[in-house]
2 protein chains.
Amino acid sequence: MPEDCRPIGNLLSRIGDKWTILVMRVLERNEAIRFKELHRAVGGISQRMLTVTLRNLERDGLVIRTVYPTIPPRVEYALSERGAGLQEAMMPLFTWTRENAKDIYQSQIAFDLAKEDPVTAR
Amino acid sequence: MPEDCRPIGNLLSRIGDKWTILVMRVLERNEAIRFKELHRAVGGISQRMLTVTLRNLERDGLVIRTVYPTIPPRVEYALSERGAGLQEAMMPLFTWTRENAKDIYQSQIAFDLAKEDPVTAR
DNA sequence: CGGCATCCAGGGCGATACTG
DNA sequence: CAGTATCGCCCTGGATGCCG
């Protein structure tokens, strides 16, 4: 009984979804950042997905959302304590990924090549 | 310029996909394991997704697939050095998740409650 | 036994347009 | 500026059936 991995799986799925990491990475080095800034900083993300991603992070208590009811509205996002803890826990994985990305990429190339061309031919 | 996070994102998406972690966890404590065993050990996974997951892991050079051309066929899977390294890098995240799962779950409950019922009412 | 191919449903995600 | 709502595509992943 390897203890239940589902919660871990669920959480990692979320962490590993298309945008969460990128958002977390931007938050990492900023105390508080506005929606628009985040939007620009992340780059390539749609407004909708940024909203969804931030909502999920907020729901998990990983980021803190502060609304200033001014005109125009101003909303700032910041990492919570818990969020900072998660970042710390993610660091080894980041490091490992950075160090191994190239090798993995090579493996993929080799693997794909061997697939479509088992003999060397072509 | 927060360095390019895409490769990290890609990798984590894969690691965080529905099955990779569960498979890795089973492999963790086994030197070599047969497909069928893996299938039973993981539990709930379809044959197809187990195959797909293992192929991806193999493609990344994280697991080693050994085929014994006997009858009936016998195929064994084992963690590679690189795969073992990844596991190690994942440990802090596992630990963090285990330690925070309950709190996060609580946050989610509270968040959802506040959403549908901002006032306490109902 | 291992695993690929096919078919099909559900959900993730993007584009766009609209509100406070 | 921040966020919601709607629509629609595509990819993931499950079930089934066939091959070596």
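Every chain is numbered from 1 and lettered A, B, ... according to where its sequence line falls, protein lines coming before strand lines. Values reported hereafter were calculated over all heavy atoms of this structure, with side chains retained and with hydrogens, waters and symmetry mates removed.
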Q: Apply the test side chain to side chain contact (heavy atoms under 4.5 Å, CB included) to residues B/Gln87 and B/Phe94: give CA-CA distance (whole Å), side-chain angles for both, the deciding distance (0.1 Å), then the verdict.
A: CA-CA 10 Å; B/Gln87 282 220 333; B/Phe94 285 164; over 6 Å; no
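- Axis angle between the ends of the helix from C/dC1-D/dG20 to C/dG20-D/dC1, five pairs each and rounded to 10 degrees, works out to 40°.
- Side chain of A/Thr95 to backbone of A/Met91: a donor-acceptor contact under 3.5 angstrom is found.
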Tabulate atom names and distances for all N/O pairs under 3.5 angstrom spanning the protein and nucleotides 8-15 of chain C.
unit_1, atom_1, unit_2, atom_2, d
C/dG14, OP1, A/Lys18, NZ, 3.4
C/dG14, OP1, A/Trp19, NE1, 3.2
C/dG14, OP2, A/Trp19, NE1, 3.2
C/dG14, N7, A/Arg48, NH1, 3.3

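- Membership of the apolar cluster around A/Ile109 extends to A/Tyr105, as traced through chained side-chain contacts below 4.5 Å between ILVMFWY residues.
- Residues meeting the side-chain hydrogen bond (donor to acceptor under 3.5 Å, both in side chains) test with B/Gln106, sequence neighbours left out: none.
- Taking every heavy atom of residues 59-70 of chain B and every atom of DNA chain D, no pair lies under 4.0 Å.
- If you find the closest nucleotide of DNA chain D to A/Pro73 and to A/Arg55, the one lying nearer the 5' end belongs to A/Pro73.
- Under the side-chain hydrogen bond (donor to acceptor under 3.5 Å, both in side chains) criterion, A/Ser13 pairs with no residue, sequence neighbours left out.
- Screening B/Arg59, B/Glu58, B/Arg82 for a side-chain hydrogen bond (donor to acceptor under 3.5 Å, both in side chains) involving A/Ser107 leaves a single residue, B/Arg82.
- Through direct or relayed side-chain contacts under 4.5 Å between Ile, Leu, Val, Met, Phe, Trp and Tyr, A/Ile71 connects to no other residue.
- Residues forming a side chain to side chain contact (heavy atoms under 4.5 Å, CB included) with B/Glu88 (at least two apart in sequence, or on another chain): none.
- The footprint of chain B on DNA chain D, defined by a heavy-atom cutoff below 4.0 Å, extends from D/dG13 to D/dG20.
- Nearest heavy-atom pair across A/Ala89 and B/Trp96 is CB-CB, 3.5 Å.
- Atom CZ in B/Phe35 sits roughly 12 Å away from atom P in C/dC1 (whole-Å rounding).
- For the side-chain hydrogen bond (donor to acceptor under 3.5 Å, both in side chains) test, no residue two or more places apart in sequence or in another chain qualifies with B/Ser80.
- Comparing B/Val52 and A/Gln47 by the nucleotide of DNA chain C that holds the closest heavy atom to each, the one mapping nearer the 5' end is B/Val52.
- For B/Arg74, the side chain to side chain contact (heavy atoms under 4.5 Å, CB included) partners at least two apart in sequence or on another chain are B/Arg34, B/Tyr68, B/Thr70, B/Glu76.
- Scanning for side-chain hydrogen bond (donor to acceptor under 3.5 Å, both in side chains) contacts around B/Asn56 gives an empty result, with sequence neighbours left out.
- Judged by distance alone, the side chain of A/Asn100 and the main-chain N or O of A/Asp103 form no donor-acceptor pair under 3.5 Å.
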